[in-house]
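What follows is a short report on a single structure.
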Amino acid sequence: MRYWLLKSEPSAYSIDDMARDRTTTWSGVRNYQARNFMRDQMRVGDRALFYHSNCEQPGIVGIVEVCKPAHPDESQFDARSKYYDRDAKRGAPRWLNVDVKFVRKIRLVALDELRRHKPLARMRILQRGNRLSITPVDPAEWAFIMKLL
DNA sequence: GCCAACGTTGGC
DNA sequence: GCCAACGTTGGC
């Protein structure tokens with residue numbers, strides 16, 4: 001089993017939305033590296049940190065679990081969606097998504113707190129210029145964060 | 001709102 | 001295949 005970090009802008013989809021919905025389709029990912037993580041490495045049962053980005057208090061706010069493996073992202077076929085991709089075909093979908101289910105909310109572990117912990121220094125989220133919305137989390141990093149809670 | 005960093009596009 | 005231009009991300 002692997003560990004992940006999933007970014008979401010709370011103005012678009014927050015941990016409270018996740019808690020209300022219980023499960024959600026992680027659609028709208030339009031980056032090949034992130035897609036490949038979902039397609040090639042994410043498995044049902046993998047756990048992920050739910051991270052609020054581009055907001056007043058960026059940081060980790062919850063835990064979710066992969067509950068359905070990668071399948072075609074429906075929004076790529078929807079001409080009215082901002083995620084529409086005219087080059088994507090039903091027979092050859094370009095974009096995939098997994099589904100995730102809510103596990104629990106946690107206290108905010110803010111970005112600046114993460115930065116203060118040496119064992120977390122290599123986390124992708126802390127590297128400058130990081131933009132990937134799905135990143136692997138090392139098991140040791142995961143364990144360290146769980147102890148902070 | 002600014003702007004650095006990054007991924008993608010497209011002309012050549 | 002190179003690389004400049006462009007659009008997006010996301011912390012500040």
Side-chain angles (χ1 to χ4, degrees), chain A residues 2-21 23-42 46-66 69-138 140-142 144-149:
Chain A
R2 290 186 166 93
Y3 299 102
W4 305 93
L5 182 145
L6 303 180
K7 276 190 218 172
S8 187
E9 300 191 12
S11 60
Y13 196 81
S14 72
I15 190 64
D16 290 324
D17 295 323
M18 185 80 244
R20 177 199 64 215
D21 294 344
T23 73
T24 196
T25 297
W26 206 256
S27 66
V29 174
R30 295 293 180 270
N31 170 282
Y32 289 105
Q33 207 177 338
R35 179 203 66 181
N36 293 348
F37 280 140
M38 289 195 283
R39 183 189 63 193
D40 303 333
Q41 297 190 33
M42 284 183 122
D46 284 3
R47 292 220 158 177
L49 304 167
F50 193 109
Y51 179 91
H52 279 173
S53 68
N54 198 17
C55 59
E56 205 161 309
Q57 293 188 297
I60 300 164
V61 292
I63 296 170
V64 297
E65 182 177 313
V66 177
H71 54 286
D73 181 336
E74 283 301 314
S75 66
Q76 70 194 299
F77 307 122
D78 178 0
R80 291 160 308 172
S81 168
K82 66 184 271 202
Y83 298 115
Y84 178 62
D85 183 342
R86 62 171 57 254
D87 295 329
K89 299 289 172 256
R90 287 257 171 214
R94 173 179 293 183
W95 304 111
L96 305 173
N97 53 224
V98 297
D99 288 6
V100 296
K101 71 178 180 192
F102 177 73
V103 174
R104 63 186 174 106
K105 287 177 72 168
I106 61 171
R107 73 169 177 88
L108 171 71
V109 182
L111 181 57
D112 62 351
E113 178 181 353
L114 293 172
R115 289 193 196 286
R116 288 199 295 271
H117 293 298
K118 279 251 170 57
L120 303 179
R122 298 185 51 152
M123 287 187 77
R124 183 81 182 247
I125 197 78
L126 303 182
Q127 310 310 311
R128 79 195 315 255
N130 161 69
R131 287 169 49 185
L132 251 194
S133 65
I134 299 178
T135 51
V137 172
D138 189 89
E141 293 165 347
W142 178 276
F144 186 89
I145 292 166
M146 292 304 109
K147 283 189 189 169
L148 296 176
L149 306 181

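Here the structure is a predicted model, which is why all the values come from computation and not from measurement. Throughout, a chain's letter reflects where its sequence line sits, starting with A, and its residues are numbered from 1.
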W95(A) and Y32(A): aromatic ring centres closer than 6.0 Å? yes
Begin with the C-alpha distance, continue with both residues' side-chain angles, and end with the deciding distance and a verdict on salt bridge (charged side-chain N to carboxylate O under 4.0 Å, His left out) for D73(A) and R30(A). CA-CA 10 Å; D73(A) 181 336; R30(A) 295 293 180 270; 3.1 Å; yes
Respond yes when some side-chain nitrogen or oxygen of K7(A) is under 4.0 Å from OP1 or OP2 of dG10(C), and no when none is. yes
Specify the separation, in whole Å, of atom OH of Y83(A) and atom C1' of dT9(C). 12 Å
In whole angstrom, give the distance that lies between atom CD1 of I60(A) and atom P of dG11(C). 12 Å
Aromatic ring pairing W26(A)/Y13(A), orientation class (parallel under 30°, perpendicular over 60°, tilted between): perpendicular
Take atom NZ of K82(A) and atom P of dG7(C), then tell me their distance rounded to the nearest Å. 16 Å
Measure CG/D112(A) against C1'/dG11(C) and give the value in whole Å, please. 11 Å
In whole Å, I'd like the distance from the CZ atom of R115(A) to the C1' atom of dG11(C). 8 Å
What's the CD-P distance between Q127(A) and dT9(C), to the nearest Å? 20 Å
Got M42(A) and R2(A) here, is their nearest side-chain heavy-atom distance under 4.5 Å? no
Distance check needed: dT9(C) P versus E9(A) CD, whole Å only. 7 Å
Rounded interatomic separation in angstrom, taking CG from D87(A) and P from dT9(B): 9 Å
Nearest-nucleotide comparison on DNA chain B, the residue closer to the 5′ end among N54(A) and Y32(A): N54(A)
